[in-house]
Each structure stands twice: as C-alpha cells, then as structure tokens.
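Take a look at the structure set out below.
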Amino acid sequence: MGNFAALIKRRRSTRKFTSQLLKPEQVELILKAALMAPSSKGKNSWQFVVVEDKEMLLKLSHSKTHGSAFLEGCALAVVVLGSVMESDVWVEDAAVASIYMQLQAEDLGLGSCWCQIRNRQTEDGTDASQYVRELLDIPYQLEVVSIIGFGYKGQERKPFDESRLQWEKIHLGKYHLPEPKEETTE
Ligand SMILES: Cc1cc2nc3c(=O)[nH]c(=O)nc-3n(C[C@H](O)[C@H](O)[C@H](O)COP(=O)(O)O)c2cc1C
C-alpha cells in the first residue's frame, strides 16, 4: 500500500502535458477507478466517454471561454456524464468518480485536470453541456458534469503547501462564528 497522504499532497492540477500517449493498462486503471467510485444507493448514475482522438480533443478544448484550452494537449479525456433520471444526486456521483480518476492518475505519476462543463457556457453563450453532447452523440437525459484531461506531466508543480491549509474552516464540536476582526483607529 502506497502513502495516500503523500499522494493527495502531491496531486496538483496539470494543464501542460507531453505528447507521450498513455499505455492501455494506464487507461484501464483510470477507468476502473471511475467504475469503483462510491455512488448514492449504489446506483452508479454515471456514464463515461473516453476520447483520445486529437481532433475531438481540440473540439472539446473549445467547450468554454476559459478553463478548457488545456484539453487540446492531453493524451486522454474522460467525459463524465450524470444520468438525471437515475439519481437525484447525479452531480455528486459524477464528481466522486471524477476525483477518483484524478487520484488514480496521480498514483500512476500522470497529470490530470478537471474541466467544469455543467453550468458553463461556450464563447458564443451556448450551454457547454449541450456543445459537448452534440459533439459526442450523448442523449439528452445525460448531463455533462466534467471532462477530466490526463497525460504525462509537462510541468512540475509544487506539492500542496500545508501552511495554506484553512484550519479556520474546521469547526470542533459545533459551528463557531469567526472571531470579529479587531478595529484599528488609525
Ligand atoms: C469542481 C471543479 C471544477 C474545476 N474546473 C476547472 C476548469 O474548468 N478548468 C481548469 O483549468 N481547472 C478546473 N478545476 C481545477 C481547479 O482550478 C484546481 O483544482 C484548483 O485551482 C486547486 O489547484 P490544484 O488542483 O492544483 O491543487 C476545477 C476543479 C474542480 C474541483
């Protein structure tokens, strides 16, 4: 068993990738992580579209004005879909599966980044989910929650800086209002 605490500290969003393709075994492990993710009532209200085609990755990189460009350079994108009819908590199910894949990728030494699609728009104001749905022939009852891009890291990022941990967001026993800031007279 590896060191999970070290893994979550090391994982940072990677938006620059090398051109190296992933091995089939790596892709399989990432997809297995998604399929093993916990879900409400075990309903597994997700579906996943696996994209490696460069032309399609380019199209997906135009899903939003900001924050989707990195998809062009990744080796693999997994489009995470939530089945609206299957569960009332499809967003949560899809989010958990998304982060499971990201953690598995980090464990393989690969980089990844989340691209938010739900509740986002393309440059011309089209619903981003609809844009992706049309590109990938996704039926209307499935919402596109996220696209997770993966690849070999093309940038080194510092591990999480523990001095930035927001311990004030942890409330012991019950919720405590923040201490009022001292007023200065000058
Ligand atoms: C729900 C969610 C949506 C995100 N959407 C985007 C996105 O659209 N584009 C992007 O480049 N990064 C996106 N990210 C990555 C965050 O920007 C990143 O996790 C955050 O800034 C913390 O940085 P770190 O992952 O390097 O620790 C998203 C992350 C989450 C959890």
Side-chain angles (χ1 to χ4, degrees), residues 2-18 30 33-34 37-40 45-51 56-84 87-136 138 142-170:
N3 185 340
F4 186 71
L7 183 137
I8 54 174
K9 188 169 169 174
R10 202 171 60 233
R11 186 220 56 82
R12 302 295 315 279
S13 295
T14 302
R15 299 181 181 87
K16 284 200 182 98
F17 304 96
T18 70
I30 290 168
S39 68
S40 172
S45 69
W46 17 248
Q47 304 267 343
F48 306 94
V49 181
V50 180
V51 180
M56 187 55 84
L57 290 172
L58 177 64
K59 287 178 183 164
L60 291 175
S61 77
H62 295 132
S63 300
K64 304 196 292 181
T65 322
H66 300 291
S68 58
F70 74 88
L71 290 171
E72 181 186 358
C74 68
L76 164 77
V78 179
V79 181
V80 183
L81 311 172
S83 177
V84 177
S87 172
D88 56 350
V89 290
W90 51 273
V91 180
E92 289 85 343
D93 285 354
V96 173
S98 299
I99 195 66
Y100 254 50
M101 288 191 284
Q102 288 198 265
L103 293 175
Q104 175 61 80
E106 184 61 47
D107 195 47
L108 291 166
L110 300 171
S112 73
C113 189
W114 180 309
C115 174
Q116 178 69 22
I117 297 297
R118 193 180 72 86
N119 284 349
R120 295 289 181 267
Q121 285 82 39
T122 62
E123 196 153 26
D124 67 6
T126 308
D127 177 57
S129 190
Q130 185 56 24
Y131 172 80
V132 175
R133 220 188 263 123
E134 279 172 26
L135 281 180
L136 300 171
I138 296 162
L142 295 169
E143 269 293 330
V144 185
V145 174
S146 66
I147 304 176
I148 312 296
F150 302 91
Y152 281 87
K153 294 178 187 178
Q155 62 178 153
E156 256 325 303
R157 296 211 51 201
K158 288 196 180 119
F160 198 91
D161 174 2
E162 289 200 38
S163 70
R164 289 176 43 231
L165 288 177
Q166 296 175 299
W167 285 105
E168 69 279 11
K169 298 209 170 169
I170 306 288

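For ligands, and for the atoms within them, numbers begin at 1 and follow the listed sequence. Treat the numbers as computed from the prediction; the structure is a model and nothing was measured.
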Distance-only check: which donor-acceptor pairs under 3.5 Å involve side-chain atoms of residues 8-15, not counting sequence neighbours?
unit_1: Lys9; atom_1: NZ; unit_2: Glu162; atom_2: OE2; d: 3.0
unit_1: Arg10; atom_1: NE; unit_2: Glu106; atom_2: OE2; d: 3.1
unit_1: Arg12; atom_1: NH1; unit_2: Lys158; atom_2: O; d: 3.0

Practice prompt. Verify the neighbour count for atom NZ of Lys153: are there more than 12 heavy atoms of other residues, nucleotides or ligands below 6.0 Å?
Written response: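 Yes, because the 6.0 Å sphere around NZ of Lys153 holds more than 12 heavy atoms from other groups.
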
Item to complete: Assess whether atom CD of Glu92 is packed by more than 12 heavy atoms of other residues, nucleotides or ligands within 6.0 Å.
Response: yes

Practice prompt. Please test Val78 against Ile147 for side-chain contact (heavy atoms from CB on, under 4.5 Å), starting from the C-alpha separation and ending with a verdict.
Written response: CA-CA 6 Å; Val78 179; Ile147 304 176; over 6 Å; no

Worksheet entry | Pair listing, salt bridge (charged side-chain N to carboxylate O under 4.0 Å, His left out) test, anchored in residues 107-136, at least two apart |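 Qualifying pairs: Arg133-Glu143.
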
Worksheet item: Contact residues of ligand 1 with a heavy-atom cut-off of under 4.0 Å?
Response: Arg11, Arg12, Ser13, Arg15, Lys64, Gly67, Phe70, Cys113, Trp114, Cys115, Gln116, Arg157

List the atom pairs, with distances to 0.1 Å, where a side-chain N or O of residues 68-77 and a protein N or O form a donor-acceptor pair under 3.5 Å, not counting sequence neighbours.
unit_1: Ser68; atom_1: OG; unit_2: Ser61; atom_2: O; d: 2.8
unit_1: Ser68; atom_1: OG; unit_2: Lys64; atom_2: N; d: 3.1
unit_1: Ser68; atom_1: OG; unit_2: Lys64; atom_2: O; d: 3.2

